[in-house]
2 protein chains.
Amino acid sequence: MFAVADEIAETSDVEALPHAGFSGKKTAEIVGITYRQLDYWARTDLISPSIAKAVGSGSRRQYSYRDLLELKVIKQLLDSGIRLESVREVFTYLRDNLGEDVTTVNLVISGNRSVLVRSGEEIIDLLGKGQGVLNILPLAGVKEEVDARIVELFPGELDAITAGEPTPGSAAAQ
Amino acid sequence: MFAVADEIAETSDVEALPHAGFSGKKTAEIVGITYRQLDYWARTDLISPSIAKAVGSGSRRQYSYRDLLELKVIKQLLDSGIRLESVREVFTYLRDNLGEDVTTVNLVISGNRSVLVRSGEEIIDLLGKGQGVLNILPLAGVKEEVDARIVELFPGELDAITAGEPTPGSAAAQ
DNA sequence: TACACTTCTCACACCGGCGTAATTTCGTCG
DNA sequence: CGACGAAATTACGCCGGTGTGAGAAGTGTA
């Protein structure tokens with residue numbers, strides 16, 4: 001049964017509900033991870049769906065747009081060869097500091113500390129006194145990729161989300 | 001501070017040999033890993049002692065100074081949260097390209113590709129078009145730390161090693 | 001030869017990751 | 001209203017990676 005996109009038909013009334021969020025399956029698809037990973041991360045408290053958590057089997061998780069962003073960051077980190085354990089540490093810190101300016105910031109992991117950095121110069125600066133490894137993730141790309149994937153898979157949904165947010169006419173890269 | 005190991009003072013009567021290399025135990029101590037790790041890495045072909053491999057039990061592994069450097073890089077990457085598997089990939093590439101200019105280069109891991117980069121500008125450049133995460137490791141620091149640890153634990157040995165190598169005049173302090 | 005030291009061989013622990021099957025809920029149809 | 005089937009989540013448990021520990025087996029040297 002495909003009732004996938006019938007709610008899109010009535011684009012106008014939807015403004016009432018601020019988008020119910022993304023189901024587990026959709027989320028996994030958009031972010032580009034397996035459902036099992038999503039499940040595992042939720043149940044091990046790496047990242048849980050902020051709109052609706054699962055309670056008892058059969059319930060439905062609901063992920064917010066922000067969740068998608070975070071999930072994508074996690075995937076990027078993982079893809080780049082970083083251990084899940086380290087990712088957890090990063091997010092312990094990051095969650096408080098990840099503001100709205102997702103598009104202009106670079107996430108830098110230096111040793112066991114994470115920093116959000118705006119300019120490239122700051123990074124070179126860090127490099128100078130850097131003891132160990134610097135892991136740098138430009139967050140702008142993350143948002144772009146998530147957005148692109150949403151319109152690709154579920155056109156129409158993105159509008160409902162980004163409606164509230166300041167539309168970035170220009171993405172000033174670093 | 002200047003001159004970690006300036007022109008060899010030639011105070012060394014030291015054993016006259018061109019240095020036979022470092023034993024497994026010493027190596028582990030210097031690099032800051034457990035002997036079991038060193039053993040594991042050797043036996044799983046991550047890095048094997050280039051002066052003398054182990055053949056049958058009872059033989060002795062002998063690690064070169066270069067090996068120490070590589071080992072330290074590995075440890076740094078591990079400490080920064082990178083999976084051993086990724087480290088293996090990096091070294092598959094890196095081994096051919098890690099020249100003598102260890103002190104001036106930054107190792108950059110971008111996705112599944114590794115690059116050696118000289119200037120900070122190059123890094124910003126990468127950042128611009130960078131899709132994913134950049135892992136940056138300044139190799140200068142690696143050499144410094146290894147050297148320092150050697151003189152700390154086995155004073156006298158460093159001279160014998162660095163004798164052959166071009167001694168960089170400046171050493172970044174800290 | 002005796003001795004200290006090193007490597008090898010296993011067996012095993014721990015964790016992340018994920019496949020599979022059972023269980024529960026949701027929406028809908030009769 | 002009640003039941004049914006699809007969809008989603010949870011429970012169970014296996015697998016592979018990364019070591020570790022203990023002790024057997026060699027080696028080089030005095």
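Lettering follows sequence order; numbering is per chain, from 1.
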What is the distance, to the nearest angstrom, from the [atom1] atom on [X] to the [atom2] atom on [N]?
| X | N | atom1 | atom2 | value |
| --- | --- | --- | --- | --- |
| A:Lys26 | D:dA7 | NZ | P | 13 Å |
| A:Arg83 | C:dG16 | CZ | P | 11 Å |
| B:Ile74 | D:dT18 | CD1 | C1' | 14 Å |
| A:Leu38 | C:dC18 | CG | P | 12 Å |
| B:Leu84 | C:dG16 | CG | C1' | 15 Å |
| A:Gln62 | D:dA7 | CD | C1' | 13 Å |
| A:Asp45 | C:dG16 | CG | C1' | 15 Å |

Worksheet item: Do the side-chain N or O atoms of A:Gln37 get closer than 4.0 angstrom to the phosphate oxygens (OP1, OP2) of C:dC18?
Response: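 The answer is yes; a side-chain N or O of A:Gln37 sits under 4.0 Å from OP1 or OP2.
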Worksheet item: OP1 or OP2 of D:dT18 less than 4.0 angstrom from a side-chain nitrogen or oxygen of B:Thr44, does that happen here?
Response: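 Checking D:dT18 against B:Thr44, no side-chain N or O comes under 4.0 Å of OP1 or OP2.
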Fill in: The single option from B:Thr92, B:Ile74, B:Ile109 passing side-chain contact (heavy atoms from CB on, under 4.5 Å) against B:Val87
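When B:Thr92, B:Ile74, B:Ile109 are each tested with B:Val87, the side-chain contact (heavy atoms from CB on, under 4.5 Å) holds only for B:Ile74.
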Worksheet item: Strictly by modelled atom types, are A:Thr44 and A:Arg88 linked by a side-chain donor-acceptor pair under 3.5 Å?
Response: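 A:Arg88 and A:Thr44 do have a side-chain donor-acceptor pair below 3.5 Å.
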Discussion item. Taking the nucleotide of DNA chain C with the nearest heavy atom to each, does A:Arg60 or A:Trp41 sit closer to the 5' end?
Written reply: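 Nearer the 5' end of the strand: A:Trp41.
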Item to complete: Quickly, which of B:Asp39, B:Thr27, B:Asp67 forms a side chain to side chain donor-acceptor pair (under 3.5 Å) with B:Arg61? Name it, please.
Response: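 Output: one option passes, namely B:Asp39.
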Worksheet item: Would A:Tyr35 end up clustered with A:Tyr63 when hydrophobic side chains under 4.5 Å apart are linked, directly or stepwise?
Response: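 Result: no, two separate clusters.
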Fill in: Minimum heavy-atom distance between B:Leu78 and B:Trp41, given as atom pair plus value
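Shortest heavy-atom separation between B:Leu78 and B:Trp41 comes out as CD2-CZ2, 3.4 Å.
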Worksheet item: On the ring face of A:Phe154, is A:Lys26 found with NZ or CZ under 6.0 Å from the centre and within 45° of the axis?
Response: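 Yes, a cation-pi geometry.
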For nucleotides 8-12 of chain C, which of its nitrogen or oxygen atoms have a protein nitrogen or oxygen under 3.5 Å away, and what is each distance?
from, atom 1, to, atom 2, distance (Å)
C:dC8, OP1, B:Ala54, O, 3.4
C:dC8, OP2, B:Arg43, NH2, 2.8
C:dC8, OP2, B:Arg61, NH2, 2.7

